[in-house]
Amino acid sequence: MHISSPSAHKRKRGLRKGTIAAASLSALVAGTYALVAPAGAASTTSATASQPQVKRMCSQPSKPGMMACLGLVRTDMVKHHVAGANDTPQGFGPDDLRKAYNLTGDGSGQTVAIVDAQDDPNAAQDLAAYRKQYGLPDCGDGCFKKIDQNGGTNYPSADAGWAGEISLDLDMVSAIAPKANILLVEANSANMSDLGAAVNQAVKSGAKFVSNSYGGGEDASDAQADTQYFNHPGVVITASAGDSGFGVEYPAASPNVTSVGGTSLTKDSSSRGWTEKVWGTSGGGEGTGSGCSTVAAKPSWQKDTGCAKRTVADVSAVADPATGVAVYDTYQSNGWQVVGGTSASSPIIASVYALAGAPSSGSNPASFPYKNPSALNDVTSGSNGSCNPSYLCNAGQGYDGPTGLGTPNGLKAFTG
């Protein structure tokens with residue numbers, strides 16, 4: 001079979017401007033909402049524009065080895081710094097996400113690490129505001145800790161884009177595993193060498209669950225990075241699949257990580273109460289990443305036949321900004337936002353693993369969902385581009401590239 005190369009998509013990613021999918025004026029007006037809804041209003045984002053106006057939180061990589069965070073923030077909604085006592089922030093909150101994915105437990109006793117570049121000076125206070133808004137346990141008892149990539153407090157320079165990414169990641173861990181300890185490890189830069197050092201530091205510091213919401217193009221150095229930074233048996237490492245539609249990014253292509261794709265999540269009247277499809281825009285170019293790696297070998301537990309090397313993704317969760325999550329960020333930002341991108345789905349899945357419990361010593365947790373795929377919500381509709389074989393970019397029954405084996409339906413698929 002012929003397998004479409006993602007190289008063209010990589011080149012496109014490197015040239016794409018910061019603002020994506022500019023809506024027509026009429027669609028923009030129809031899709032503009034306040035980020036805080038009055039008491040009693042629905043908490044989900046309900047923009048009528050199918051492609052809401054968004055911008056990337058981080059600049060695109062300018063050279064090999066550079067990574068970009070994969071968060072997309074809505075720009076067609078009015079931001080509010082404070083939500084009133086009886087108001088509900090727009091976007092999915094903790095109750096929504098836990099119900100959508102049938103989650104139980106609270107993550108007590110586990111440590112989930114977030115690895116990002118640069119510093120967020122307001123991380124602790126913004127996290128506290130998010131948790132207070134939703135009635136989550138206070139982190140004043142020491143559940144949150146921030147360190148640099150060497151384990152100290154010599155934090156890197158602050159960056160507004162990465163600060164927004166950090167807020168997204170911390171809020172998603174809080175939403176899914178509200179009693180887990182959260183460790184934020186800030187890398188000195190967006191170079192893979194610094195981010196990789198931060199991954200190693202997270203594991204050294206005791207985290208059994210490490211989320212990476214960034215990516216860049218594949219290159220020949222990936223095999224060395226796998227050995228240096230991501231070879232941690234018995235540790236869950238998740239990585240975002242990308243936000244530019246069909247095409248593969250690293251470190252999501254590493255066989256040592258759980259590659260996390262993205263969906264559009266909406267409430268409905270089904271027995272589940274929710275429905276999901278592949279996150280992908282009608283015009284192409286934006287949506288969850290997926291495809292066949294050109295570098296990484298295929299892991300033994302991945303059995304799809306249309307890709308001789310590593311296939312992205314393994315599992316998925318909500319990532320579409322049109323059905324995005326509520327995030328609180330005040331570093332050069334105005335508070336409540338609606339955010340999407342596979343930057344949201346990676347910490348969600350890392351936290352689901354945390355609810356399921358620490359993996360066994362020597363295991364590769366990326367293989368766990370493949371042992372029990374029936375314990376996931378199979379996503380069977382939607383596309384993120386054009387490809388051959390078709391399943392690498394189109395949803396269908398069973399495994400597909402954009403959503404992997406599916407989205408969480410409880411914890412069974414995430415235990416060893």
Side-chain angles (χ1 to χ4, degrees), residues 12-13 15-37 41-60 68-83 87-93 116 118 120 122 126 129-130 158-172 213-214 240 242-245 262-266 279-288 318-345:
K12 184 188 289 186
R13 280 198 295 270
L15 297 173
R16 185 166 287 116
K17 296 180 180 179
T19 299
I20 307 171
S24 67
L25 178 60
S26 60
L28 176 58
V29 172
T32 302
Y33 296 89
L35 284 184
V36 177
S43 63
T44 56
T45 304
S46 55
T48 57
S50 59
Q51 294 178 213
Q53 201 172 52
V54 300
K55 70 175 182 180
R56 295 185 183 273
M57 288 178 163
C58 299
S59 301
Q60 290 295 83
C69 72
L70 294 169
L72 301 174
V73 61
R74 293 281 296 268
T75 60
D76 54 359
M77 305 173 82
V78 179
K79 299 178 182 179
H80 287 267
H81 186 74
V82 177
D87 294 334
T88 303
Q90 288 290 308
F92 288 126
D116 282 311
Q118 309 304 137
D120 177 4
N122 297 354
D126 287 351
Y130 178 90
D159 179 86
W162 281 97
E165 173 64 48
I166 288 169
S167 292
L168 167 61
D169 294 344
L170 299 180
D171 291 354
M172 289 307 95
S213 291
Y214 55 84
S240 303
D243 294 347
S244 299
T263 67
S264 299
L265 174 72
T266 56
W279 168 42
T281 57
S282 59
E286 286 78 48
T288 182
V318 62
D320 187 351
T323 65
V325 298
V327 172
Y328 190 74
D329 171 36
T330 63
Y331 182 69
Q332 298 185 19
S333 187
N334 293 325
W336 289 105
Q337 302 174 327
V338 173
V339 183
T342 52
S343 272
S345 52

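What you see is a predicted model, and the numbers here were worked out from it, not measured in a lab.
- To the nearest 0.5 Å, atoms CE (Met172) and CZ (Phe92) are separated by 11.0 Å.
- Residue Pro321 comes nearest to Val338 through the heavy atom pair O-CG1, 3.8 Å, listed as atom of the first residue, atom of the second, then distance.
- Here the side chains of Ser240 and Ser213 are in contact, with some heavy-atom distance below 4.5 Å.
- Evaluated for a side-chain contact (heavy atoms from CB on, under 4.5 Å) with Met57, the options Val339, Asp329, Leu70 yield exactly one hit, Val339.
- For Asp159, there are no side-chain hydrogen bond (donor to acceptor under 3.5 Å, both in side chains) partners two or more places apart in sequence or in a different chain.
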I would like to know whether Val54 and Glu286 meet side-chain contact (heavy atoms from CB on, under 4.5 Å); could you show each step before the answer?
-> CA-CA 11 Å; Val54 300; Glu286 286 78 48; over 6 Å; no
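- The side chain to side chain contact (heavy atoms under 4.5 Å, CB included) test applied to Asp120 returns Asn122, Ala123, Ala163, Ile166, Ser167, Glu186, Tyr331, not counting sequence neighbours.
- Contacts of Asp171 classified as side-chain hydrogen bond (donor to acceptor under 3.5 Å, both in side chains), with partners at least two apart in sequence or in another chain: none.
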Given side-chain contact (heavy atoms from CB on, under 4.5 Å), test Arg56 with Ser343 step by step and report yes or no.
-> CA-CA 11 Å; Arg56 295 185 183 273; Ser343 272; over 6 Å; no
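- Counting all heavy atoms, side chain and backbone alike, Cys69 lies closest to Glu165 at CB-OE1, 3.5 Å.
- Distance OG1/Thr88 to CH2/Trp336: 10.0 Å, rounded to 0.5 Å.
- Thr342 contributes a side-chain N or O that, together with a main-chain N or O of Gly242, makes up a donor-acceptor pair within less than 3.5 Å.
- Between the CG atom of Leu72 and the CD atom of Gln53 there is a distance of 12.5 Å, given to the nearest 0.5 Å.
- Nearest heavy atom pair, residue Gln60 against residue Ala68, reads OE1-CB, 4.0 Å.
- Going from atom OG1 of Thr323 over to atom CG of Leu265 covers 5.5 Å, rounded to the nearest 0.5 Å.
- Taking every heavy atom of both residues into account, Ala344 and Val318 meet most closely at CB-O, 4.0 Å.
- At a threshold of 4.5 Å between non-hydrogen side-chain atoms, the residues Asp243 and Trp279 count as touching.
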